[in-house]
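To start, the structure itself, in structure tokens.
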Amino acid sequence: MPVSSPSSPRLVEDVSDWFDTHARDLPWRRADFHAEYGAWGTLVSEFMLQQTPVARVIPHLAAWLGRWPTPAATAAATPADIVQQWANLGYPRRALWLHRAAVEITQRHGGEVPRDVDALLALSGIGDYTARAVATFAFGDRHPVVDTNTRRVMARALDGKSQPGPAARRDLAEMAALLPEGDREAAVFNAAMMELGAVVCTARSPRCDQCPIVARCAWVAAGRPDTGDERRRQARYEGSDRQARGAVLKVLRDADGGEAVAEAVIHDWAGPAQRDRAIDSLIADGLVEAVDGKLRLPR
DNA sequence: TAGCCGTGGTC
DNA sequence: TGACCAAGGCT
């Protein structure tokens, strides 16, 4: 007898059925998106979705793929163009990693996004989540795809906890044990768990009255207790080096030719020490170049 | 592995 | 208002 989902077959079925009727109509879920951009489109969307909300990604994704529809086209762009086009999506190192991944795909894989998870993991900026997301959603293969939404749903429904613990390799095994047998069914279930966590089983104020598995949720059965939160808390952003880096980069993105004198990136809230620290770290990351006392986006 | 890395919306 | 949160990954 196939072990499709030993502990909760109905849970898998109900989440998948709910997804069939409630899935949001997102660009990267449309057939014409896959027909036009293939696995590269999926890969780019997943890069942008790393820690950036769906609503902010959508318009940037269309513009990006319209400009650079293939790995080869992306690889041929300059880092300056890449960082500029990334605009305010945040975490601009991701833009550089995406560019690097495009170069690697062009060099190692003949310009075709690899299907193998290990080959995907070997690309810049691709980790456990993105590698399996591409293999599953672009190629239809059967892998556990675990993001923060999936981990929260599992923590609540299966473990009776209000929030998931810190991300761990064990999450992949837990999700793998739930996956239905068929490739197609597994892909749907992966997407369904993410969707449920994103729109119903949310971090704050979950909509349990709209949940397809509320009747089998361990956390609800326990009375929705606050079981604590072991996740790391984000460092304060206001006044941080991250904010200083963001401010410096914004000046360069907005500057004519992506170039500005160092003095022009001073900010009232950042002293010269923090400014220099931000600039140095941006240079170390390859996001900024210093030439003749001027700063510019990398060429 | 813990700390770090943007930006803007939400409550 | 400020803390929390977001389809993570790298070092």
Side-chain angles (χ1 to χ4, degrees), chain A residues 19 23-24 26-29 41-61 83 86-98 100-101 120-138 143-153 162-172 175 187 190-199 201-206 229-254 277-278 280-288:
Chain A
F19 183 71
R24 289 170 294 175
L26 301 174
W28 43 91
R29 289 178 178 163
T42 302
L43 191 153
V44 173
S45 72
E46 295 297 348
F47 260 86
M48 290 186 173
L49 287 164
Q50 292 170 1
Q51 297 284 283
T52 299
V54 166
R56 190 138 50 100
V57 164
I58 289 174
H60 285 283
L61 178 64
V83 170
W86 195 257
N88 64 339
L89 279 172
Y91 290 141
R93 292 188 300 182
R94 285 183 297 161
L96 250 31
W97 292 336
L98 175 57
R100 198 173 306 157
L120 287 162
L121 282 170
L123 298 173
S124 296
I126 293 190
D128 282 332
Y129 165 76
T130 305
R132 289 171 179 79
V134 170
T136 297
F137 302 135
H143 302 281
V145 182
V146 178
D147 76 335
T148 186
N149 294 303
T150 298
R151 296 196 308 106
R152 185 171 51 253
V153 173
S162 51
Q163 297 293 343
R169 298 285 307 187
R170 184 183 173 285
D171 304 330
L172 282 178
M175 186 61 177
N190 276 311
M193 287 287 275
M194 293 168 58
E195 187 79 350
L196 187 63
V199 306
C201 194
T202 51
R204 289 180 293 183
S205 308
D229 191 342
E230 306 164 24
R231 292 172 300 170
R232 298 190 305 275
R233 295 174 68 169
Q234 274 188 15
R236 179 181 177 84
Y237 182 66
E238 204 64 28
S240 68
D241 283 5
R242 298 164 72 190
Q243 186 181 27
R245 285 167 52 104
V248 170
L249 212 52
K250 176 169 171 52
V251 168
L252 295 181
R253 282 199 312 264
D254 294 346
R277 198 163 60 241
D280 287 346
S281 71
L282 286 167
I283 291 172
D285 285 344
L287 284 163
V288 168

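Just so we're clear, the structure is a prediction, and the values are computed from it rather than from any experiment. Protein chains get the first letters and strands the later ones, always in sequence-line order, with residue 1 at the start of each.
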Determine the contact category for A/L249: base if any of its heavy atoms lies under 4.0 Å from a base atom, sugar-phosphate if only primed atoms, P, OP1 or OP2 are that close, otherwise nothing.
-> nothing

With heavy atoms under 4.0 Å as the rule, sort A/W28 into base, sugar-phosphate or nothing.
-> base

Expressed as a whole number of Å, how far does the P atom of B/dA2 sit from that of C/dA7?
-> 23 Å

Ignoring backbone atoms, establish whether A/N149 has a side-chain N or O less than 4.0 Å from OP1 or OP2 of C/dA7.
-> yes

With sugar-phosphate meaning primed atoms plus P, OP1 and OP2, does A/A203 contact a base, only sugar-phosphate, or nothing at under 4.0 Å between heavy atoms?
-> sugar-phosphate

For the pair made of CE in A/M48 and C1' in C/dA6, what is the distance, rounded to whole Å?
-> 16 Å

Is any NZ, NE, NH1 or NH2 atom of the basic residue among A/R245 and A/D241 found under 4.0 Å from an Asp or Glu carboxylate oxygen of the other?
-> no

Ignoring backbone atoms, test whether A/R277 places a side-chain nitrogen or oxygen under 4.0 Å from the OP1 or OP2 oxygen of B/dC4.
-> no

Assess whether one donor atom and one acceptor atom, taken from the side chain of A/R56 and the base of B/dT7, lie less than 3.5 Å apart.
-> yes

Under 4.0 angstrom, heavy atoms only, what part of the nucleic acid is A/E238 near: base, sugar-phosphate, or nothing?
-> nothing

Would you tell me if any nitrogen or oxygen in the side chain of A/R93 comes within less than 4.0 Å of OP1 or OP2 on C/dC10?
-> no

Record whether the side chain of A/Q51 comes under 3.5 Å of the base of B/dC5 through a donor-acceptor pair of N or O atoms.
-> no

On DNA chain C, nearest-nucleotide positions of A/R236 versus A/R152: which is more 5'?
-> A/R236

Select base, sugar-phosphate, or nothing to describe what A/S205 touches, counting heavy atoms under 4.0 Å on all strands.
-> nothing

